[in-house]
There are 2 protein chains.
Amino acid sequence: MSYSVKREQLLRVAEDLFYQYGFRGVGLKQIIQEANVATMTLYNHFNSKDNLVEEVLRQRESRYWTYLDSYVESDADSPFILAVEAHGKWLKKESYQGDMFLRAIEDYSGEDNEIEAIARGHKAKLLQYFKKLAQAKGKDHDHDLAHQLTLLLEGTTSMTTLIGAEQATEHSIAMARILVRQAS
Amino acid sequence: MSYSVKREQLLRVAEDLFYQYGFRGVGLKQIIQEANVATMTLYNHFNSKDNLVEEVLRQRESRYWTYLDSYVESDADSPFILAVEAHGKWLKKESYQGDMFLRAIEDYSGEDNEIEAIARGHKAKLLQYFKKLAQAKGKDHDHDLAHQLTLLLEGTTSMTTLIGAEQATEHSIAMARILVRQAS
DNA sequence: TAGAATAGAATGACCGTTCTATCTAATATA
DNA sequence: TATATTAGATAGAACGGTCATTCTATTCTA
């Protein structure tokens, strides 16, 4: 049986706790208890804590893209604004302090591990996403626009920690509109 | 003797290690060894690891503002651009992966502790800094402009992790110019 | 000679991981 | 239908290591 309820519970609880307290700030004991699962059940589904972190990141990334894709219609007038809006709604739903992927890059940097690779991969994909969108829309300086919008999303996530997702998103949408117009 | 060489060494080494590996990712043993100091010397100067973290943050904040102030002349044509440039140079000098203050907020969130208060205080001050600047320059929507520029700085720091400080700063300066012009 | 700084051991808590032994429930066999 | 087999899940102890913190006893230095 490939699907497992316990595995899902573990991933859900682990993602919540890792996001709130950090990867190093949460012990497996806590995860096991809150997921109502035995120690060996965790190790039956995941090789190690690192492997659990990996799977959590993969799951979160998958959910992020599903969410973005459901909002952005790439044939719309300005898919860029839709993407910024979608990111804002994601923040409101699932983020209140920083970004799990940047945190993973920081926490596991320099050890040549899978975790950092997954996190960096996600960020690279985000940049690539905007690059393709800008090219498809025939924007001048499409390369620059993509970088600018990515920077905007990252800034919005950071600002969420300080002023909340709603306010942060209002500002980023306003800025995105100006930038997209500028790029003619 | 208020000044102490050992204390300075500890703060410098701790800041480097905390920034690179995270507060929870660095043990006191490592700090002690790299600072060439005995265990009790650390506890002679700092009450606890948390207290060491606090002092590291205070020192870093102080250095940040010194750096910014040395670049920004508030009577210049556009002190905003100077501030963004200064932040970029700070990143190039002292940051290559994320922001130590945001990381502190994340790592020590929800425990009602001094560390989070210091980190949040720094961020509040940054926002306040731009608000005053925008007011002094008689900008329309000065409140919005301050938020936008703060978001820009936060975004630049995050992007530094992904594309390096130079590139990230080029983009944020370009964006800042547009925003400041818009705010007439 | 007094005050710091030293090295290093001791402490108790927690960490990730493994092990053992028991239990349950579904599946395959007769 | 009744029985045997198998796979998962369970609780909890045990392991070796590291953590922050404290203690002790010695050495340096002003």
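Predicted model only: the values in this text are computed from it and were never measured. Chain letters run A, B, ... following the sequence lines, proteins first and then strands; every chain starts at 1.
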Only pairs under 3.5 Å count here: list side-chain donor-acceptor contacts from residues 76-90 of chain A, not counting sequence neighbours, and write none if there are none.
residue	atom	partner	partner atom	Å
H87(A)	ND1	Y64(A)	OH	2.7
H87(A)	NE2	L153(A)	O	3.4
H87(A)	NE2	T157(A)	OG1	2.9

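- For the salt bridge (charged side-chain N to carboxylate O under 4.0 Å, His left out) test, residues two or more places apart in sequence or in another chain that qualify with E55(B) are R7(B), R58(B).
- Proximity of residues 41-55 of chain B to DNA chain C (heavy atom under 4.0 angstrom from any strand atom) is restricted to T41(B), N44(B).
- Within the structure, ring-ring contact (aromatic ring centres under 6.0 Å, His included) pairs that include any residue of residues 149-173 of chain B comprise H147(A)-H171(B) (at least two apart or interchain).
- The list of salt bridge (Lys or Arg N to Asp or Glu O under 4.0 Å) pairs with a residue in residues 147-159 of chain A, not counting sequence neighbours, reads K123(A)-E154(A).
- Here the side chain of T161(A) pairs a donor or acceptor atom with the backbone of S158(A) at under 3.5 angstrom.
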Enumerate donor-acceptor pairs with a distance under 3.5 Å from any side-chain N or O in residues 13-34 of chain A to protein atoms, sequence neighbours excluded.
residue	atom	partner	partner atom	Å
E15(A)	OE1	Q59(A)	NE2	3.1
E15(A)	OE1	R63(A)	NH1	3.3
E15(A)	OE2	R60(A)	NH1	2.8
E15(A)	OE2	R63(A)	NH2	2.6
Y19(A)	OH	Y96(A)	N	2.9
Y19(A)	OH	Q97(A)	N	2.8
Y19(A)	OH	Q97(A)	O	3.1
Y19(A)	OH	G98(A)	O	2.8
R24(A)	NH1	D107(A)	O	2.7

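- Distance check, rounded to the nearest 0.5 Å: CG of L57(B) to CD1 of I118(B) gives 6.0 Å.
- Residue pairs satisfying the salt bridge (Lys or Arg N to Asp or Glu O under 4.0 Å) criterion with at least one member in residues 158-167 of chain A, sequence neighbours excluded, are listed as follows: K92(A)-E166(A).
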key: side chain to side chain contact (heavy atoms under 4.5 Å, CB included) between L179(A) and Q182(A), intermediate numbers included   = CA-CA 5 Å; L179(A) 293 171; Q182(A) 286 271 333; 5.5 Å; no

task = Take nucleotides 23-30 of chain D nucleotide by nucleotide from the 5' end and write B, S or -, depending on whether a protein heavy atom sits under 4.0 Å from the base, only from the sugar-phosphate, or from neither.
result = B-------

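- Between the CG atom of L42(A) and the CE atom of M40(A) there is a distance of 9.5 Å, given to the nearest 0.5 Å.
- Legend: residues meeting ring pair (Phe, Tyr, Trp, His ring centres under 6.0 Å) with Y129(A), ordered by chain and number and at least two apart, are W65(A).
- Residue pairs meeting the ring-ring contact (aromatic ring centres under 6.0 Å, His included) criterion with at least one partner in residues 30-54 of chain A, sequence neighbours excluded, are absent.
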message = Let me check I have this right: for DNA chain C, each base becomes ., (, ), [, ] or |, based on Watson-Crick or G-U pairs with both distances under 3.5 Å. What is the full string?
response = ||||||||||||||||||||||||||||||

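- Residues of residues 15-33 of chain A having a heavy atom closer than 4.0 Å to DNA chain C, listed by number: V26(A), G27(A), L28(A).
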